[in-house]
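Right, one structure below, let's go through it.
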Amino acid sequence: MEAADLDQINTLLDTDSELRERIKDQVNEFDKKTRLMVATLNKIHFTPPDTISALLDTVKSVIVGCQSVTKGLAEIVPPNQFWRWKDMWSNSLKTAVFASVLVEYLSSGQLAGLQQVSDQLGMREEWKDRVSLTVEDYLHGVISVVNELSRLAVNSVTLGNFDQPIKISHFVKELFAGFSMLNLKNDTLRRRFDSLKYDMKKIEEVVYDVSLRKLATVPIVPST
Amino acid sequence: MEAADLDQINTLLDTDSELRERIKDQVNEFDKKTRLMVATLNKIHFTPPDTISALLDTVKSVIVGCQSVTKGLAEIVPPNQFWRWKDMWSNSLKTAVFASVLVEYLSSGQLAGLQQVSDQLGMREEWKDRVSLTVEDYLHGVISVVNELSRLAVNSVTLGNFDQPIKISHFVKELFAGFSMLNLKNDTLRRRFDSLKYDMKKIEEVVYDVSLRKLATVPIVPST
Amino acid sequence: MEAADLDQINTLLDTDSELRERIKDQVNEFDKKTRLMVATLNKIHFTPPDTISALLDTVKSVIVGCQSVTKGLAEIVPPNQFWRWKDMWSNSLKTAVFASVLVEYLSSGQLAGLQQVSDQLGMREEWKDRVSLTVEDYLHGVISVVNELSRLAVNSVTLGNFDQPIKISHFVKELFAGFSMLNLKNDTLRRRFDSLKYDMKKIEEVVYDVSLRKLATVPIVPST
Amino acid sequence: MEAADLDQINTLLDTDSELRERIKDQVNEFDKKTRLMVATLNKIHFTPPDTISALLDTVKSVIVGCQSVTKGLAEIVPPNQFWRWKDMWSNSLKTAVFASVLVEYLSSGQLAGLQQVSDQLGMREEWKDRVSLTVEDYLHGVISVVNELSRLAVNSVTLGNFDQPIKISHFVKELFAGFSMLNLKNDTLRRRFDSLKYDMKKIEEVVYDVSLRKLATVPIVPST
Amino acid sequence: MEAADLDQINTLLDTDSELRERIKDQVNEFDKKTRLMVATLNKIHFTPPDTISALLDTVKSVIVGCQSVTKGLAEIVPPNQFWRWKDMWSNSLKTAVFASVLVEYLSSGQLAGLQQVSDQLGMREEWKDRVSLTVEDYLHGVISVVNELSRLAVNSVTLGNFDQPIKISHFVKELFAGFSMLNLKNDTLRRRFDSLKYDMKKIEEVVYDVSLRKLATVPIVPST
Amino acid sequence: MEAADLDQINTLLDTDSELRERIKDQVNEFDKKTRLMVATLNKIHFTPPDTISALLDTVKSVIVGCQSVTKGLAEIVPPNQFWRWKDMWSNSLKTAVFASVLVEYLSSGQLAGLQQVSDQLGMREEWKDRVSLTVEDYLHGVISVVNELSRLAVNSVTLGNFDQPIKISHFVKELFAGFSMLNLKNDTLRRRFDSLKYDMKKIEEVVYDVSLRKLATVPIVPST
Amino acid sequence: MASSDQGQIRLAFQGFRDEIDAYNDRRERLIKASRDITNLSKKTIFLLHRLVLEGDASLDDKQLFTRAAKKGYEKLHQVQGIYATLKPELEGDRFWRYERQVSPGLQEYIEALSFAYYLEHGVLIPYNEVQKSISDAEGEPYFHLTVSDYLLGLSDLTGELMRFSISGLSRKGGRRKALEVCAFVRSCKADFERFTEHIRDLRKKQNVTNNSLEKIEDTVYAIAVRSSEYDLPPEMLDDIVATVSSQSNPGGGEDDL
Amino acid sequence: MASSDQGQIRLAFQGFRDEIDAYNDRRERLIKASRDITNLSKKTIFLLHRLVLEGDASLDDKQLFTRAAKKGYEKLHQVQGIYATLKPELEGDRFWRYERQVSPGLQEYIEALSFAYYLEHGVLIPYNEVQKSISDAEGEPYFHLTVSDYLLGLSDLTGELMRFSISGLSRKGGRRKALEVCAFVRSCKADFERFTEHIRDLRKKQNVTNNSLEKIEDTVYAIAVRSSEYDLPPEMLDDIVATVSSQSNPGGGEDDL
Ligand SMILES: [Mn+2]
Ligand SMILES: [Mn+2]
């Protein structure tokens with residue numbers, strides 16, 4: 001190989017390694033934030049309704065804090081190389097989606113859409129060939145929310161909140177119907193979607209228990 | 001190869017294999033003790049509260065018995081070679097940690113710290129280049145305790161002890177929150193930590209069952 | 001190579017391959033019987049208590065039928081060559097042990113011992129250099145029974161038989177305590193033994209469900 | 001599990017592991033001897049013809065020394081358990097066969113038969129349920145001799161001994177013809193036999209080189 | 001978990017991962033040097049005898065350069081933790097041993113001993129609980145040299161240097177005889193040693209080709 | 001599944017197993033014949049030219065004997081199922097092709113074509129959906145012939161036949177050119193074709209040696 | 001060797017080359033077609049799950065399942081169309097030559113087809129029905145269906161039935177359906193067991209079936225346990241749950257979250 | 001949850017379904033195209049070997065090799081045609097999304113192209129030349145060539161050169177060519193070594209290169225050993241061998257076999 005060619009190639013490869021290091025730094029930063037969000041959100045299971053909104057505010061401010069990371073990544077990643085590097089931060093991003101969607105559900109009872117989450121994390125349309133939120137990562141985050149909600153359904157009852165499981169049940173059923181519309185390959189997303197039915201089953205059981213206990217207190221309207 | 005060099009190399013190789021044999025003997029001894037502790041601790045799942053303290057005393061005396069093994073190892077392992085041989089007894093040691101931490105929890109409701117466990121097993125500061133308790137092994141032992149406690153929560157209810165799951169739930173919640181803040185890079189440890197979620201869910205479900213049926217009251221713990 | 005030597009060697013090699021064929025025939029016979037037993041025993045999961053004893057009788061007669069196979073093997077295998085060929089029928093034998101031990105448990109609630117199973121399968125003391133039941137194979141069969149019982153605990157409840165899981169739990173607890181004291185070096189056996197913990201947990205959870213709902217009463221057994 | 005049964009099983013398991021240890025000791029002893037024989041026989045490749053017989057005498061005395069090992073094994077292995085344990089010393093035994101057959105060839109130009117080798121290693125007919133030389137192990141040893149002879153053919157020429165390759169070629173041809181008639185089912189043995197073709201080709205090439213340069217005359221052997 | 005305990009554990013975990021990073025930096029440095037040595041030594045296969053010594057001088061200076069790495073490691077690795085971290089640089093070190101032993105052979109025809117190599121790489125006795133050269137790593141390096149010499153024997157002949165293979169043959173024969181007496185338990189080392197036979201055969205065939213054609217004379221070395 | 005369906009399927013599967021057994025019997029018969037042919041053909045390497053034709057006649061009669069096997073197979077294999085079962089006899093058939101092609105070459109210097117070999121083995125056009133000779137199997141046989149011819153080139157010289165290698169060289173070169181025309185996948189055929197170049201190389205070396213030795217005896221016509 | 005021989009060898013190998021190229025080309029075409037078939041079949045399976053789950057208050061189970069099955073069959077017509085075009089590729093003894101390329105897609109197709117068939121009829125699709133589905137209008141098969149592909153395709157069905165039964169739990173009547181599926185999968189497992197002796201891959205797949213069955217059994221168990229606490233017939237319990245749960249959801253209860 | 005939300009969720013997931021289906025469809029198309037490219041490239045490599053080996057008495061090495069290379073380039077035009085049609089599939093950030101589907105065929109193409117280039121020029125094809133070959137007439141790349149694919153494709157070339165040098169031994173001038181190839185593959189090995197640090201797969205392929213190199217070295221060794229017995233220049237030895245060997249073959253010597 002000509003010396004010039006050798007040098008050219010070497011330069012390209014060195015640039016890539018350096019790039020990888022710089023992305024890794026951002027990802028470490030991202031990880032710290034997501035760890036904090038997860039640890040905070042873990043408290044929803046034993047926080048009484050009246051103090052929950054303060055807890056959610058804490059998480060919201062960390063989500064906003066993630067915007068500096070996405071910005072950092074957008075500045076580092078070269079044009080069109082989004083898919084080359086995304087695996088490096090994919091796990092952190094899925095966790096951030098989880099946090100964002102869960103917070104939104106607990107605040108408003110709504111599903112935060114992909115665009116909404118993407119905006120919250122500070123992603124911009126013009127970065128989409130460098131940093132963006134893919135459908136897969138978004139869906140992974142949503143599935144994690146369902147996993148968490150089945151746990152929340154149980155713990156709400158322990159905390160004396162008997163309506164929560166029924167609301168969760170309706171929300172999760174809708175989501176499950178949504179997921180059923182997808183033609184998935186045998187990949188992680190498929191495997192995780194497959195596990196959703198157990199969450200639904202668990203939630204159903206809580207609804208069943210709660211409904212029949214309510215029997216004593218609520219007047220029954222005969223079903224038609 | 002010079003004859004002298006050859007002899008020297010052969011001596012080194014032979015010393016090592018002899019050493020390995022002697023350590024293996026100690027580990028066999030260690031294994032006998034840990035097997036006994038595990039078998040005894042297995043009875044907590046069907047022992048009524050009033051006889052449990054006798055059972056724990058039996059285990060405590062075996063833990064003290066382990067001190068002869070750690071002493072034996074400290075005498076055999078050459079200076080500075082702790083990290084060379086530790087894998088040979090690591091499994092036994094993790095089990096001993098498990099026993100020690102579980103006994104302490106069942107006795108006092110407290111988490112035995114690394115130093116406390118290390119002392120109980122007779123480890124001395126001056127042996128640290130030959131025998132000592134690493135953070136990783138300690139954490140492995142603690143995780144095994146959580147695995148066991150989720151089983152205990154279930155069996156306590158069967159035995160009619162409805163308060164136990166609530167206590168366990170509180171203890172595990174604290175532990176889990178602690179672990180969440182650790183920056184675990186170690187792969188096995190991280191995977192085992194991730195598995196704690198299942199134990200926690202199981203315990204929460206037991207608490208749910210108990211509280212739903214008003215078999216015990218779950219105190220609302222202010223989130224920390 | 002001398003012609004005579006060659007002939008002798010060829011004779012030895014041919015004898016061996018012929019022997020292998022004849023053993024294989026017996027093993028095929030054995031397999032047919034064990035497949036039949038497994039298929040029949042599979043029905044315990046949905047057979048109501050009152051017809052189960054007829055089902056067990058069917059299996060018992062197949063177990064007796066296995067005696068012709070062990071006899072056949074004892075006639076084929078040359079003296080002293082038990083350990084040479086045993087791997088060929090080891091799997092079938094483990095399954096036969098499984099059937100025998102499971103039938104005994106379902107009939108009498110007792111554990112059939114090694115000698116008892118060996119007798120049932122028609123093994124004779126004087127064949128021990130050709131055909132016999134090793135400790136390892138016996139233990140493998142017993143472990144398979146526990147695997148099956150954890151499934152049975154679940155299905156019994158579905159059938160409305162709430163006492164079965166409690167009996168099973170008691171039986172498995174004893175067995176597990178016994179196994180815990182064994183010094184298992186054999187890797188497969190140890191791994192399978194370790195898996196028993198999952199069966200035990202599952203059974204304990206069934207007992208929990210039953211007792212929590214007061215569908216049956218769990219007697220407090222004083223720990224031994 | 002009944003306590004008596006348990007004890008019996010534990011005794012059986014312990015006896016086995018102790019036995020294994022004792023056999024391992026004998027095998028270590030055996031290995032030392034075979035290592036010495038291999039190291040000594042390695043010198044045939046650069047030993048001039050006149051000193052070779054002294055070298056062979058050294059090896060012969062080590063072969064005789066192996067008799068104490070076979071005796072040791074015969075005393076340890078329980079009746080009828082030859083096939084259970086033989087894999088532990090099979091490799092050492094194959095090497096001893098190799099040494100014995102190679103020494104015989106270099107001394108007399110003859111192939112030592114299975115019985116002859118078995119006698120040399122001190123095996124007795126009455127031990128056959130504990131220690132004996134199987135056809136397979138014998139054949140493995142013989143194949144190793146051929147591997148070594150192809151190397152010897154090369155090195156003899158370097159030493160100026162141009163007749164040796166011709167003698168070796170004749171010996172190996174006969175052996176190969178013999179092997180060709182064997183109905184080898186055994187996989188390893190068949191694979192090793194197939195590899196003999198390469199040795200034979202190599203030897204034929206040496207004979208070719210020697211005859212092309214008229215360094216020795218190759219007698220035309222009438223085909224048999 | 002107590003906050004203090006948690007902090008202590010986190011500090012320990014963080015220290016370790018930081019340490020790992022710093023060692024990795026040194027190992028990268030080490031790798032650069034060993035890659036350079038390997039690249040340079042690769043040229044011996046097509047370098048005429050008169051320019052080879054200049055080539056060796058280049059490598060020698062890189063070997064000396066490795067002393068800064070071993071020094072760097074000695075400063076980083078905490079006391080007594082040699083065996084904990086050594087796997088990180090083990091491959092680089094084996095390559096450095098390879099270079100050092102090969103250079104010594106090509107310069108003086110001698111085998112560089114463990115101590116000599118250790119000194120060349122700047123290791124000091126007082127570092128032995130942090131950085132040192134183990135017997136195993138030394139032997140791995142030596143075996144790699146033999147692998148390389150068999151290739152060199154071939155390529156020397158192509159370059160018209162007919163004496164080189166004869167020298168190599170003598171050197172390797174001695175080495176092989178030495179190795180044969182070692183009691184290698186270590187699996188990788190034993191497997192690599194077994195592979196030496198192929199190298200030796202290859203070298204012997206080159207010597208055969210050369211001596212058959214009287215391109216060089218092979219001295220008859222009296223066997224030792 | 002309906003009982004009738006079950007029975008239907010069972011019948012189909014049983015027929016297949018029986019078929020497999022019957023084919024296996026034929027293949028055993030085939031194997032005996034091919035073993036005999038290979039053993040006989042092995043003698044060509046040390047048979048003087050004047051007795052070779054008797055040797056070839058022996059082989060020819062065994063080839064004819066193979067016709068009963070192909071007939072047997074054609075009677076057993078169901079219509080259109082050739083490709084289902086052919087792997088069972090493929091190895092034997094390749095060896096038969098080898099024998100047939102080698103005999104033809106040694107008799108007439110010609111390559112026996114696929115059709116010719118197919119006819120010799122008694123295959124009939126109307127069987128082609130049950131038993132036939134595929135291109136792949138034919139080519140495998142031809143490659144084996146080349147492997148053997150490179151050995152024959154060497155041994156012919158030893159036997160004093162200096163023309164043989166040159167004839168072989170021409171024949172093999174033609175064959176190699178033929179093989180080069182094929183677009184092979186990365187399968188066994190490709191791997192075996194890849195090895196042909198080493199046979200060619202070996203034959204070339206013999207031709208080189210022989211040609212230059214002939215120098216002394218044959219008058220040289222200067223090349224143009 | 002005469003130069004005419006050289007020509008002959010060359011000629012022979014030219015023939016071999018054509019034969020080998022033709023084989024490889026056909027193999028490629030079949031691999032590609034098989035990938036398409038796999039994809040279509042997988043999509044059909046998703047479609048069936050979706051149709052069943054979405055439900056329609058106006059239909060009872062039988063109507064709902066039949067409608068889903070019909071739509072499934074429709075989608076599978078595309079696969080059958082591909083097989084029709086492959087007929088010449090797999091004629092005579094060719095099928096067995098390319099079996100390894102054809103099997104994966106075929107088994108996936110049988111899995112999808114048998115799922116639709118189960119929804120419509122509640123039984124395993126018979127061998128002859130599968131063969132008929134890959135035959136032309138005159139009943140001439142596009143190729144011969146092997147028992148092995150038939151059984152291996154059916155074996156995969158149990159996994160889909162497991163999903164169907166568990167995710168259908170919250171449907172009205174889902175609990176009863178789970179009981180039915182449990183019994184059905186049990187009988188599949190028993191039927192298949194007889195064939196594992198002959199078909200090695202089926203033995204591996206039986207393990208998957210066993211796992212699926214255990215998951216269904218656990219589900220059915222949970223139903224039994226929970227309803228056993230109450231002294232009311234299961235259908236009535238279902239109605240109560242439905243009522244209470246719908247009362248709690250008067251168009252969004254976000255306010256008190 | 002308001003039923004309008006239900007509609008929104010459904011709508012959102014419809015979008016996801018379309019996106020996922022589009023991805024899978026494109027992925028399938030690329031896998032199929034990649035298989036075709038691999039096949040064409042492999043055939044080109046066989047073609048090059050064949051053309052070189054068949055030779056032609058009227059051409060010298062340079063002419064022969066150049067002619068072979070030209071025919072190779074011609075065949076590879078088909079591959080370039082496929083890449084041209086794939087341009088829209090791999091536009092913008094898509095290339096990296098589908099890299100794993102594209103790489104195998106691309107590396108095989110580079111192996112074939114670099115073999116032809118070596119025959120013509122005797123050197124490694126530069127990166128820019130490869131990129132140019134998969135660009136349109138205006139020099140606009142169909143997609144960006146990665147360094148990794150470039151190097152991994154080149155690395156495979158050494159195996160073909162090993163075949164080329166050993167099976168070419170009996171050609172006139174084959175011995176000299178083997179020496180050249182030996183030196184060339186040595187320099188390839190040395191050049192690639194620098195990059196193994198960055199490209200993990202290259203490290204594995206270097207082992208293959210090492211094996212190929214040793215085979216070539218053994219060949220070159222055998223040539224040196226045999227010719228060293230004679231005190232004549234190698235070319236003259238070659239001529240003698242050719243003469244003697246052709247004399248022994250006057251149109252078939254079957255008679256005395
Ligand atoms: Mn499926
Ligand atoms: Mn290639």
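Each chain gets a letter, A, B and so on, in the order its sequence line appears, and its residues count up from 1.
Summarising the geometry of E:Val154 relative to H:Glu217, their closest heavy-atom pair is CG1-O, 3.9 Å, with the distance given to 0.1 Å. Contact detail for E:Glu205 and H:Tyr221: the closest heavy-atom pair is O-OH, 4.2 Å.
Under a 4.0 Å N-O distance rule, the pair E:Arg35/H:Glu193 does not qualify as a salt bridge. Salt-bridge check for E:Lys202 with H:Asp218: passed, with a basic side-chain N closer than 4.0 Å to an acidic carboxylate O.
To the nearest 0.5 Å, atoms CG (H:Leu213) and CZ (E:Arg151) are separated by 5.0 Å. Remark: H:Arg186 CZ to E:Asn42 CG distance equals 8.0 Å, nearest 0.5 Å. With rounding to the nearest 0.5 Å, the separation of CG in E:Asp209 from CZ in H:Arg226 is 7.0 Å.
Considering only heavy atoms from C-beta on, H:Ser228 comes within 4.5 Å of E:Phe162 through its side chain.
With a 4.5 Å cut-off on non-hydrogen atoms, E:Val210 does not touch chain H at all.
For E:Lys71, the NZ atom counts as loosely surrounded, since its 6.0 Å shell holds 12 or fewer non-hydrogen atoms of other residues, nucleotides or ligands. Enclosure of atom NZ in H:Lys177 by more than 12 non-hydrogen atoms of other residues, nucleotides or ligands within 6.0 angstrom is indicated. Taking a 6.0 Å sphere around CZ of E:Arg190, one finds it holds more than 12 heavy atoms contributed by other residues, nucleotides or ligands. Shown here is E:Phe46, whose CZ atom has more than 12 heavy atoms of other residues, nucleotides or ligands within 6.0 Å. Residue H:Lys172 qualifies as open at atom NZ: its count of foreign heavy atoms under 6.0 Å is 12 or below.
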Worksheet entry | Evaluation steps, side-chain contact (heavy atoms from CB on, under 4.5 Å), between E:Asp31 and H:Glu197 | CA-CA 9 Å; E:Asp31 273 349; H:Glu197 180 191 2; over 6 Å; no

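H:Val220 pairs with exactly one of E:Asn155, E:Val157, E:Thr158 by the side-chain contact (heavy atoms from CB on, under 4.5 Å) rule, that one being E:Thr158.
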